[in-house]
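To start, the structure under review is shown below, and the notes come after it.
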2 protein chains.
Amino acid sequence: MRLTTKGRFAVTAMIDLAQRQSNGPVTLAGISERQKISLSYLEQLFGKLRRHNIVGSVRGPGGGYRLARGMNEVTVADIIAAVDEPLDATNCGGMENCQDEHRCMTHDLWTNLNKRMHEYLASVSLHDLVNQPKAKAVAASVAIDDRLRGARRDNVAVA
Amino acid sequence: MRLTTKGRFAVTAMIDLAQRQSNGPVTLAGISERQKISLSYLEQLFGKLRRHNIVGSVRGPGGGYRLARGMNEVTVADIIAAVDEPLDATNCGGMENCQDEHRCMTHDLWTNLNKRMHEYLASVSLHDLVNQPKAKAVAASVAIDDRLRGARRDNVAVA
DNA sequence: TGTATAGTCGACTGAAATGTTCAAGTATTA
DNA sequence: TAATACTTGAACATTTCAGTCGACTATACA
């Protein structure tokens, strides 16, 4: 799981899309203008999002993109994984080279940390982002800590 | 907050350092060999870590690096921030261009997400990583999360 | 039947970041 | 003084980022 401006663009664009799809398909040209992201770059990003079945496309006049699933079914982790693609997990791709005890230890520790990060990003859905009440950031921190400790959460609103 | 292999290398190296500093300063050459990271690359990373007062150096024979503070006082966020440096937070650096309502909204949403990620990484200390009992609780919480959310097909490479 | 709309695909680009290597230092210990 | 080890700077190939361009296909609508 990598986190760069690329994933940021994708998330921003997806929020825009989620907010507007009720009026029918949303054009990339519109997203481009509203979010100030180059149209051709969006085409690349949405090509990947489409191939990952996160969005669907409608061609021709009046066409555009729409979500392939409900907002609750699309997480930030999904979006980032779609555009950032593979990227090797650890220095020792699978088992190879892992005979040394110390390497294996740091290896486990790292994948562990990674897993938790992914877990967090997977816990935030597009719905959470779109329906986030303006400015509650601070209060949210408590909830996160609880969740990391294994606290139960009902279907909602991380935010 | 950016997350790349660069920060990964730094965290791995810091774990190695934390595990071995009880025997006195740890040389980069040693870390390089154990973790299979190029020595010169480590030199660059530790130069930054030193300038951020995360590690301290001891020159001359028998020298090396040691933590500048206790393991509990060094978080993953500290390490990543030190090596990944600046990187603008949002597309609209401060206030500029933020007159449009929608841009401001997604802008807030994004910085919010960012804040939470940072918060999480700041909650994991070097001590936590070194003394972590071999991966158990985390895996469990992931399973729970998936269940609550309704099984998802992608199962994205966590890495 | 055209034609404008809008997605699809591929190649290509300059700039930056990654990760590595080489080389020449300086400080410290023995 | 010699060996050790950090310090600094430069150069480098490779990859990714972000954007551009051009040609193409599918569809709605007049």
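Chain A is the first sequence line, chain B the second, and so forth, proteins listed ahead of strands; every chain is numbered from 1. All of these numbers come straight from a predicted model, not from anything done at the bench.
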Heteroatom pairs (N/O) under 3.5 angstrom, protein to nucleotides 15-17 of chain D:
unit_1 : atom_1 : unit_2 : atom_2 : d
D:dC17 : OP2    : A:K6   : NZ     : 3.1

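Annotation: side chain of A:Y65 is not in contact with side chain of A:L49 (no heavy-atom distance under 4.5 Å). Side-chain contact check for A:M14 versus A:V83: every heavy-atom pair is 4.5 Å or farther apart. In this structure, A:V74 and A:I79 have side chains that are in contact, with non-hydrogen atoms separated by less than 4.5 Å. Contact annotation: the side chain of A:D84 approaches that of A:K6 to within less than 4.5 Å [non-hydrogen atoms, C-beta and beyond]. Taking 4.5 Å as the limit, some side-chain heavy atom of B:R66 sits within range of a side-chain heavy atom of B:V58. Residues B:L39 and B:E33 are not in side-chain contact: their nearest non-hydrogen atoms beyond the backbone lie 4.5 Å or more apart.
Taking atom CZ of B:R8 as the reference point, atom P of C:dA17 lies 18 Å away to the nearest angstrom. Put simply, CD on B:E33 is 16 Å from C1' on D:dA5, counting in whole angstrom units. The nearest whole Å value for the distance from the CD atom in A:Q35 to the C1' atom in D:dA18 is 17 Å. Taking atom NZ of residue B:K36 and atom P of nucleotide C:dT20, one finds them 13 Å apart after rounding to whole Å. Between the CG atom of B:L39 and the C1' atom of C:dA23 there is a distance of 13 Å, rounded to whole Å. Protein atom CG of A:L42 is 14 Å distant from nucleotide atom C1' of C:dT8, rounded to whole Å.
For A:G60 and B:G62, each mapped to the nucleotide of DNA chain C holding its nearest heavy atom, the one lying further toward the 5' end belongs to A:G60.
Counting distance only, with no hydrogens placed and no angle test, the side-chain atoms of B:R59 and the base atoms of C:dT29 include no donor-acceptor pair under 3.5 Å.
Taking 4.0 angstrom as the limit, B:S57 places a side-chain polar atom (N or O) nearer than this to OP1 or OP2 of D:dT7. For B:T27, no side-chain nitrogen or oxygen approaches OP1 or OP2 of D:dT4 to under 4.0 Å.
No donor-acceptor distance shorter than 3.5 angstrom exists from the side chain of A:Q35 to the backbone of A:D16, with no hydrogens or angles considered.
Checked against side-chain contact (heavy atoms from CB on, under 4.5 Å), A:T27 has the following partners two or more places apart in sequence or in another chain: A:A29.
Side chain of A:Y65, nearest nucleotide from C:dA4, C:dT8, C:dT28: C:dT8. Across D:dT27, C:dT21, C:dT26, the shortest atom-to-atom separation from the side chain of B:S40 is found for C:dT21. Here the nucleotide nearest the side chain of A:I37, chosen from D:dT20, D:dG19, C:dT5, is D:dG19.
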* To do: Let me have a per-nucleotide readout for nucleotides 9-15 of chain C, 5' to 3', with B, S or -, counting only protein heavy atoms under 4.0 Å.
  => B------

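Using a 4.0 Å heavy-atom distance criterion, B:F46 is classed as making no nucleic acid contact. At a threshold of 4.0 angstrom between heavy atoms, the contacts of A:L28 are confined to the sugar-phosphate backbone, with no base atom among them.
Between B:Y41 and B:F9, the ring planes are perpendicular. Angles over 60° get that label, and only those under 30° would be called parallel.
Between A:M71 and A:S125, the shortest heavy-atom distance links the atoms O-CB, 3.7 Å.
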